[in-house]
Amino acid sequence: MINLISKHKCCKKVQPESPLPFTKLFLPRILTKGSPISIQIVFLLLTKSSFPEAFNPINNAFTTQPMEFSTYSFSTKKVLLRVDFNVPIDKVTFEILDDKRIKAALPTINHIINHNGIPILLSHFGRPKNGPENQFSLIHIVSRLEELIQKPIIFCKNLEEAERRCKDVCPGEVILLENVRFYPEETQGDLAFAERLASLGDCYVNDAFGSAHRAHASTTQIARHFPTDKMMGFLMAEELACANKILQNPQKPFTAIVGGAKVSDKVLIIENLLNIIIGGGMAFTFVYAQGGSVGSSLLEKDKVDVALSILHKAKEKGVNIHLPQDSIAASSFLEHAETSIVPTHSIPYNWMGLDIGPESIARFCDVVSKSKTILWNGPMGVFEWERFELGTKSLAFALAEATEKGSFTLVGGGDSASAIAKFKLSHRVSHVSTGGGALLELFEGKELPGIKALT
Ligand code: 3PG
Ligand code: MG
């Protein structure tokens, strides 16, 4: 940690490379435009938890799903396997940028293959709006998947082709259907479409945790055609088991780290928390709410009341809220902007905080090191730019160290998962979830339709 902190001396002042293309109004817009900047959407409501009831369907899924994946007889069966191969790709070269979700589905795919079953893989890929479009084609993941499972894939461009191929497919073969969202019926949860998909196979396995919050044809409606022969795969079960460790009787002290750009309408209900560390863009709304001057940092004035009520409820419940007392402020939203370490409550006019400062790093890491259960959702700063990565990186290392000392650490949400992967620490935390929205909805106490459908 000392080394990481001393690196801050590199935050020397340099002139912006180009004139400011940036206005305070512009920042939130680029943040939502799929730029490399993190958006993370969480806020905490420390009211009476609705978990016990809301969580039951999910909890029950472990015991009441009709079939158990590991003991089911797959031999010679055509297995409709819903996976989440929605991986980030380069928009120009179509190169896969992170294959974590594909790798995470391998144990389930291989189990079916090894038990003489025939996987018929179903997945969505991106959000196509008007039918087939090359940038959203699953053809871009075929060669990577073939490498990983060491088998050729039979790729079916459309449902007609899949219907033909599935008729005489044999054990040892693997079918992948083109992006199910090329059919608008998928996201509409269309029953006839679900029936057509169902007719391709003999049983249904859902391993698409990342899509479990979607009530779509291939995640939810399809399951009704397999009243007994439906089950969750290894990944889905593992994700739920990990979430369960946090949701039910977490070992204490329990700390949640939240960050990213926005305080939003997502409500994360967590009981038993001792600490909440708040970093990233959302921290400025809290600092502003307490009377601080945050310059042109991200600020959601319409969320000031929400911030105040969270601070109030935390106090009432004896939860310690840790806000960054110092920040790395930049003169503009540019990777090489001039920077300075400033108190977060007095950021100079027109300057913006883009990372937490060294004192905050030291304090946050200290809290993490004393915690037994840690949930991390959302980066501390613009970690995609090296000069503003230190807060996120330091916390990531603190999480790895805590894990080595026996704490349970769960990293969730696309941005935190990318951050932990960037620092090559994914294998040093207890679990990195493949879910973004799905994981957040679980922590909101919502029932996930993809899981409910399996019960
Ligand atoms: C995700 O990446 O969040 C899942 O694959 C679900 O995708 P969606 O948000 O487009 O439904
Ligand atoms: Mg999503």
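Both counts, for ligands and for their atoms, begin at 1 and track the order of listing. Treat the numbers as computed from the prediction; the structure is a model and nothing was measured.
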Per-atom contacts, ligand 1 versus Asp84 - under 4.0 Å to a heavy atom: 4 (C), 5 (O)
Heavy-atom gap Gly437 to ligand 1 smaller than 4.0 Å: no
Test log, rule side chain to side chain donor-acceptor pair (under 3.5 Å), inputs Thr409 and Ser430: CA-CA 5 Å; Thr409 51; Ser430 307; 3.2 Å; yes
Gap separating the SG atom of Cys203 from the CE atom of Met231, nearest 0.5 angstrom: 4.5 Å
Proximity winner for atom 10 (O) of ligand 1, if only heavy atoms of Arg127, His213, Arg214, His216 are counted: Arg127
Lys245, NZ atom: more than 12 neighbouring heavy atoms under 6.0 Å: no
Shortest heavy-atom approach to atom 3 (O) of ligand 1 - which of His124, Arg181, Arg101: Arg101
4.5 Å side-chain heavy-atom contact, Phe286 and Leu308: no
Atoms in ligand 1 with a heavy atom of Asn86 nearer than 4.0 Å: 1 (C), 2 (O), 4 (C), 5 (O), 7 (O)
Any Phe383 side-chain heavy atom under 4.5 Å of Lys393 side chain: no
